[in-house]
Amino acid sequence: MQKLEVFGANKLKGQINISGSKNASLPILAATLLSSKKVNLKNLPKVKDIETMINLLQSLGSKIRFKKKKLIINNSTQNKNFASYSLVKTMRAGILVLGPLLAKFGKAKVSLPGGCAIGTRPIDIHLKAFSKLGVKYNITQGYVHASTPKGLVGSKIRFPKISVGATENLIIAASLAKGTTILSNCAIEPEIKDLVNFLNKIGCKIKWVGKRKIKIDGVNQINETTYSVMFDRIEAGTYLVAAAATEGNLKIKNIIPKIIKTEIDTLRKIGTKIVVKKNEVNVIGKKIIKSINIKTAPYPGFPTDLQAQLMVLLCKANKKSLIKEDIFENRFMHVAELNRMGAQISINGNRAIIQGNINFAAAELMATDLRASVSLILAALIANGKSVINRIYHLDRGYENIEKKLKKIGARIRRIK
Ligand code: UD1
């Protein structure tokens with residue numbers, strides 16, 4: 001099994017180009033199933049989750065090839081409506097094929113999803129909302145068996161809780177439903193806006209009619225298109241924190257800074273200097289980091305996907321900090337590993353109390369989920385000596401060329417195969 005060896009403690013300096021967004025690419029790839037025409041996608045990140053989604057689409061009959069940096073998807077021969085456990089188990093976003101398959105075939109069998117072990121992560125919100133569009137379903141032997149006896153019919157749906165995946169699945173399905181669908185209490189993550197932009201480009205009729213409200217007029221014709229996916233705001237946030245934590249000086253490029261305003265404001269509040277330009281930010285880490293009390297929240301709140309990374313930085317703060325994790329109930333698995341490196345973090349329910357003024361000590365570590373893995377790299381980058389991080393396959397699900405990018409900005413890191 002591959003490992004990463006990291007030698008701290010270097011300041012990260014230079015510039016970094018942010019890749020395309022994994023979490024925008026996944027629903028957009030699923031949404032291509034609506035089409036029988038050619039779709040070209042640009043700026044997809046080269047990460048394992050995207051590979052898995054491409055394999056899933058191919059298993060459903062999609063013809064897919066890369067040409068230069070473009071992914072060309074031809075769904076004119078796409079003819080299967082069965083998404084197997086072997087492909088959906090490693091990635092929760094696999095459930096996003098359910099909406100488009102129902103829209104296209106009126107019937108689908110999709111495995112219950114897997115993904116990071118960060119809580120129970122059910123799909124009840126997806127399924128209840130689908131039933132309002134006329135979907136009948138049952139769950140047997142780990143599969144959702146769903147059908148639409150009268151076709152998908154537009155409806156008014158209020159999500160009981162904000163869910164990124166459920167909002168995406170319903171937007172995609174309702175795009176081909178008969179009549180109009182109004183979705184309220186939607187997630188408004190930038191990746192959802194990217195999905196909506198993509199769908200409108202292929203001929204769907206989707207409009208934001210309120211802060212968390214979307215109106216979708218079902219269509220029956222989908223056009224050919226070429227679409228470039230947005231930047232990965234979580235990758236950008238991770239490098240922001242890396243620069244701050246190593247007292248580095250980093251230009252983070254290919255981004256739209258206003259999309260990561262909360263992250264920029266948070267880092268500024270704790271003392272990091274950030275200069276914002278048109279498509280880049282310059283982060284200058286400072287020796288003194290101020291403590292903070294913060295909670296994760298749906299966009300535009302502080303992202304749960306950056307909670308683990310921020311926690312590493314707060315271990316260096318001048319006083320005690322608090323992070324309340326309000327999205328996932330079991331997302332503190334990095335804490336035990338960080339404590340093995342000398343951190344003093346205690347957990348009380350969904351709150352982490354983080355003692356400041358910690359000097360991390362290098363150690364052998366175990367990655368447990370995608371964002372936890374990267375937080376261990378950040379801790380290893382500021383620890384003196386050699387750390388070894390095991391089980392890095394989690395990391396490869398979501399970070400493109402991470403060692404290469406880190407090496408370029410001065411980190412001493414290598415992969416052991
Ligand atoms: C997406 C992101 C993930 C991010 C998360 C929250 C992708 C591929 N993944 O995940 O990186 O951490 O948003 O920003 O974009 N829930 C239910 N029932 C449901 C659906 C969700 O109870 O049917 C709960 C979840 O367990 C969780 C919360 O709702 O506690 C939010 O989950 P959701 O927004 O759906 O996250 P994902 O779409 O899985």
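Atoms within a ligand are numbered from 1 in the order they appear, just like the ligands themselves. Note that the numbering runs from 1 along the sequence shown for the chain.
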So is there a nitrogen or oxygen of Lys22 less than 3.5 Å from a nitrogen or oxygen in ligand 1? no
With a heavy-atom distance limit of 4.0 Å, tell me whether Arg331 approaches ligand 1 through its side chain, its backbone, both, or neither. side chain
Between Glu191 and Arg233, does at least one N-O distance fall below 4.0 Å, as a salt bridge requires? yes
Can you find an N/O atom of Ala166 closer than 3.5 Å to an N/O atom of ligand 1? no
Using a 4.0 Å heavy-atom cut-off, say whether Asp124 meets ligand 1 through its side chain, its backbone, both or neither. both
Does only the side chain of Lys161 get under 4.0 Å from ligand 1, or the backbone, or both, or neither? Count heavy atoms. side chain
Give every residue pair that meets the side chain to side chain donor-acceptor pair (under 3.5 Å) criterion with at least one member in residues 169-184, sequence neighbours excluded. His126-Asn169, Thr180-Asp217
Say whether Gly165, considering both its backbone and side-chain N or O atoms, lies within less than 3.5 Å of an N or O atom on ligand 1. yes
Could an N or O of ligand 1 be found under 3.5 Å from any N or O of Asp305, whether backbone or side chain? yes
Begin with the C-alpha distance, continue with both residues' side-chain angles, and end with the deciding distance and a verdict on side chain to side chain contact (heavy atoms under 4.5 Å, CB included) for Ile255 and Asn279. CA-CA 5 Å; Ile255 64 167; Asn279 292 117; 5.8 Å; no
Can you tell me if CZ on Arg212 sees more than 12 non-hydrogen neighbours from other groups inside 6.0 Å? yes
Distance under 6.0 Å and angle within 45° of ring axis: Lys215 vs Trp208: no
Go through ligand 1 atom by atom and flag the ones less than 4.0 Å from a non-hydrogen atom of Thr304. 6 (C), 12 (O), 14 (O)
Show me the pairs that pass side chain to side chain donor-acceptor pair (under 3.5 Å) and involve residues 136-152, at least two apart or across chains. Thr140-His145
Return yes or no for this condition: an N or O of Ile327 is under 3.5 Å from an N or O of ligand 1. yes
Within 6.0 angstrom of Lys295 NZ, more than 12 heavy atoms from elsewhere: no
Under 4.0 Å between heavy atoms, the region of Val164 that gets near ligand 1 turns out to be both
Closest to atom 17 (C) of ligand 1 (heavy atoms only, candidates Ala24, Pro122, Pro27) is Pro122
Report yes if Arg92 has an N/O atom closer than 3.5 Å to an N/O atom of ligand 1; otherwise report no. yes
Any donor-acceptor N/O pair, Glu325 side chain to Ile327 backbone, under 3.5 Å: yes
For Lys107, does the NZ atom have more than 12 heavy-atom neighbours from other residues, nucleotides or ligands under 6.0 Å away? no
Arg371 N/O under 3.5 Å from ligand 1 N/O: no
At a non-hydrogen distance cut-off of under 4.0 Å, which region of His126 contacts ligand 1 (side chain, backbone, both, or neither)? both
